[in-house]
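Starting from 1, each residue takes its place in the sequence as its number.
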Amino acid sequence: MRRFGVRALSCWTFASAIIVTACHDGSQSPPPKADVPTGSTPGSLDLLYVCGNKFLVTNSVPRPIQVSYRVSGTTESAQLTLLEAPTEDPGFSETELETTETGTVELFHEDVRVTQRINEGVPCGPAALPAVATLAGDEATVGKWSAPFSWPVIGLHLHLLRNGKVLSWGKFGSPQVWDPATKAFSPVPVGSRVFCSGHAFLSDGRLLVNGGHISDLHGIPDANLFNPATMTWSKGPAMAWGRWYPTTTILGNGEAVTIAGTDQQGRNVTVPEVWNGSSWRKLTTAGRAFPYYPRTFLAPNGKIFYAGETRTTYYLSTAGTGSWQTVGDRRYGSRNYGSAVMYRPGKVLYAGGGRTTASAEIIDLNTASPTWRMTGSMAFPRRHLNATILPDGRVLVTGGSSGTGFSDEAQAVHAAELWDPDTGVWTRLASNSVPRVYHATSLLLRDGRVLHTGSGDASGAVDHYDAEIFSPPYLFKGTRPTISSAPTSVTYGGTFSLSTSDPAAITRVTWVRLGSVTHAFDMNQRFNELSFIRVTGGVRVTAPASRNLAPPGHYLMFVLNSKGVPSVARIVRIN
């Protein structure tokens, strides 16, 4: 029989499996395998429809399996060899199947039909743009990377402070503060092991860091707060449970909710906790197990939106003792170590992940019935990628691996890619020098450049004690506009003035919340387009009216000209 459009790609889990992907060092065994069947058929094989004529065939058996498929109502059929299931999470191999004919696909093992899936006719997104040759002087098209420079820790936790400096830490050594202006580092020791913690900026600019490390898979209940004004740490009340790999998200009222992680005994923590500024309260009726570092966002309705890693997505209400509500399934399967970002208020992009996909999908939470749909696919499959919102509202992806292993540096992706939310198309940009996979991070700086560091501190991978800086193409398109003065704080729905030498040249005013990133996910960043009018000597800007669309805290405020060139940002607080 002929083979039609089949290629092996990656592995992932369905929504019914709980992922346990570990933050681990060289002495640790691979992450535990998900709870999946171990027989041969039929329960060990499944078929998932994605988009177009694309399906995913999964195998949870630890050996290759021969199967066949046919498209009902047509003559199309073929045989497939499914990859063996990996020994570590998520415990499924995946083979992508793209049929020539459109119709229901039936999957057979030893002439017994084990499952079938209807072709739903959902369109796939646009293809990535062809690669552009990186030529000298072509930075306005592809951008430019700096040479690597020394970094004193593995920067696997990375945060932009309200003073424009960068706080980072790894598994070992004291946290460090880096000053982009002087290039100097300053150690800022903390009394807890904050490796594999959750974190988010509070409305006053302090960084809340909750949980951390006892040993692999075991978390501490500590809450630590870093104050950029004094460059010191303080201890807050402990949580009810230790948490290792939790996610922490700021609510519209300035509180913070933390979800998931594992406790002192290595057990999944199912009950979320809410920080109110002085203590924690438990959402005891919202118990639910999630993968490590769930991708969560404050939604326009004031609830927390869980975008993944598992396929089914939810809202969490923090009212009272909490409750969950199902939103719907993503098009793709589990996107473990994919990167998600709220690129516009209520609009989420989820790219890459699994083992390993180039696909991406989006959802609009502003609609009455939010539904995931495919957007353009990246040029490269990636896991352990970082997605960073830029001042112009586009999303930059850096780093990651195209391999199917947990963290395959041999298949590291060096080319950056840029996603345009207006078209759904990805554009390939310049390539960096250093392989950056598991434990790599990326962070937007005040000057519109992106810091890219980390990778290592785990699983026998190479430890990269260095960093690079990417200058996006907009920095090579002419003179930058300037903000000569701006307020330090604004109020919701209020108007305020920005002084600039050429108001007529300003076409956009935007801001991006200060970043706080680890493990392929920024728990803090989000973007707002601000309305404005031109006035003598500057622009008059209106702040967002809703706390749910712009959570209280500090933002990088930019003005942009008609060529899309951003100013250096002013850091402004809304409260």
Side-chain angles (χ1 to χ4, degrees), residues 21-31 88-89 145-159 166-178 180 183-190 192-197 199 209 212-219 244-245 292-293 336-337 339 356 382-386 388 398-414 416 431-443 450-470 515-522:
T21 47
C23 179
H24 55 291
D25 60 28
S27 63
Q28 180 185 321
S29 59
E88 72 273 11
D89 181 80
W145 285 94
S146 74
F149 58 97
S150 180
W151 202 263
V153 294
I154 305 294
L156 64 92
H157 294 267
L158 202 61
H159 321 271
V166 175
L167 171 67
S168 69
W169 64 82
K171 187 170 186 177
F172 304 104
S174 292
Q176 299 280 330
V177 172
W178 177 64
K183 315 302 183 189
F185 290 89
S186 303
V188 285
V190 61
S192 304
R193 291 200 69 186
V194 290
F195 172 63
C196 290
S197 56
H199 33 70
V209 180
H213 188 75
I214 298 173
S215 60
D216 293 325
L217 305 175
H218 301 83
W244 194 78
Y245 266 63
Y292 287 145
Y293 282 131
N336 60 313
Y337 286 106
S339 197
T356 303
R382 300 178 193 246
R383 69 194 321 254
H384 306 303
L385 68 159
N386 281 275
T388 305
T398 45
S401 171
S402 289
T404 58
F406 180 73
S407 180
D408 187 352
E409 190 169 294
Q411 296 193 54
V413 182
H414 292 273
S431 295
N432 76 319
S433 301
V434 178
R436 300 202 189 273
V437 289
Y438 184 50
H439 283 168
T441 49
S442 294
L443 187 71
V450 175
L451 174 67
H452 190 39
T453 187
S455 193
D457 251 359
S459 65
V462 176
D463 291 340
H464 292 289
Y465 287 91
D466 53 25
E468 299 159 283
I469 292 181
F470 181 64
S516 177
V517 60
T518 191
H519 290 76
F521 181 49
D522 193 322

*Asks:* Can you find a pair of side-chain heavy atoms, one from Tyr293 and one from Cys196, that are under 4.5 Å apart?
*Replies:* yes
*Asks:* Ignoring hydrogens and geometry, is there a side-chain-to-backbone donor-acceptor pair from Arg193 to Lys171 under 3.5 Å?
*Replies:* yes
*Asks:* Hey, does the side chain of Asp457 reach the backbone of Gly170 with a donor-acceptor pair shorter than 3.5 angstrom?
*Replies:* no
*Asks:* Check the pair Trp244, Asp216 against side chain to side chain contact (heavy atoms under 4.5 Å, CB included), reporting the backbone distance first and the verdict last.
*Replies:* CA-CA 8 Å; Trp244 194 78; Asp216 293 325; 4.0 Å; yes
*Asks:* Side chain to side chain contact (heavy atoms under 4.5 Å, CB included) with Thr453: which residues, sequence neighbours excluded?
*Replies:* Trp151, Leu158, Thr441, Ala467
*Asks:* What is the distance from atom OG of Ser150 to atom CZ of Phe185, rounded to the nearest 0.5 Å?
*Replies:* 6.5 Å
*Asks:* Is the side chain of Ser455 donor-acceptor paired with the backbone N or O of His464 at a distance under 3.5 Å, no angle test?
*Replies:* no
*Asks:* Just to verify, what does His159 make a ring pair (Phe, Tyr, Trp, His ring centres under 6.0 Å) with, not counting sequence neighbours?
*Replies:* Trp169, His199
*Asks:* Locate the shortest heavy-atom distance separating Leu443 from Ser516; write the atom from each residue and the value.
*Replies:* CD1-N, 4.3 Å
*Asks:* Measure the OG1-CZ distance between Thr518 and Phe195 for me, rounded to the nearest 0.5 Å.
*Replies:* 8.5 Å
*Asks:* Quick one: OG on Ser146 to CG on Leu451, what's the gap to the nearest 0.5 Å?
*Replies:* 9.0 Å
*Asks:* State which residues pass side chain to side chain contact (heavy atoms under 4.5 Å, CB included) with Ser215; sequence neighbours excluded, sorted by chain then number.
*Replies:* His218
*Asks:* For Gln411, which residues count as a side chain to side chain contact (heavy atoms under 4.5 Å, CB included) partner, sequence neighbours excluded?
*Replies:* Ser401, Ser402, Asp408
*Asks:* Which residues pass the side chain to side chain contact (heavy atoms under 4.5 Å, CB included) test with Ser433, not counting sequence neighbours?
*Replies:* Pro148, Glu468
*Asks:* Could you tell me which residues satisfy ring pair (Phe, Tyr, Trp, His ring centres under 6.0 Å) with His384, sequence neighbours excluded, listed by chain and number?
*Replies:* Tyr337, Phe406, Tyr438
*Asks:* Who pairs with Asp466 by salt bridge (charged side-chain N to carboxylate O under 4.0 Å, His left out), at least two apart in sequence or on another chain?
*Replies:* Arg436
*Asks:* Closer than 3.5 angstrom, by distance alone: can the side chain of Asn386 be matched with the main-chain N or O of Gly399 as a donor-acceptor pair?
*Replies:* no
*Asks:* Which residues satisfy the side chain to side chain donor-acceptor pair (under 3.5 Å) test with Arg382, sequence neighbours excluded?
*Replies:* Glu417
*Asks:* Ser442: what forms a side chain to side chain donor-acceptor pair (under 3.5 Å) with it, not counting sequence neighbours?
*Replies:* Thr398, His452
*Asks:* Would you please name every residue forming a ring pair (Phe, Tyr, Trp, His ring centres under 6.0 Å) with Phe470, sequence neighbours left out?
*Replies:* Trp145
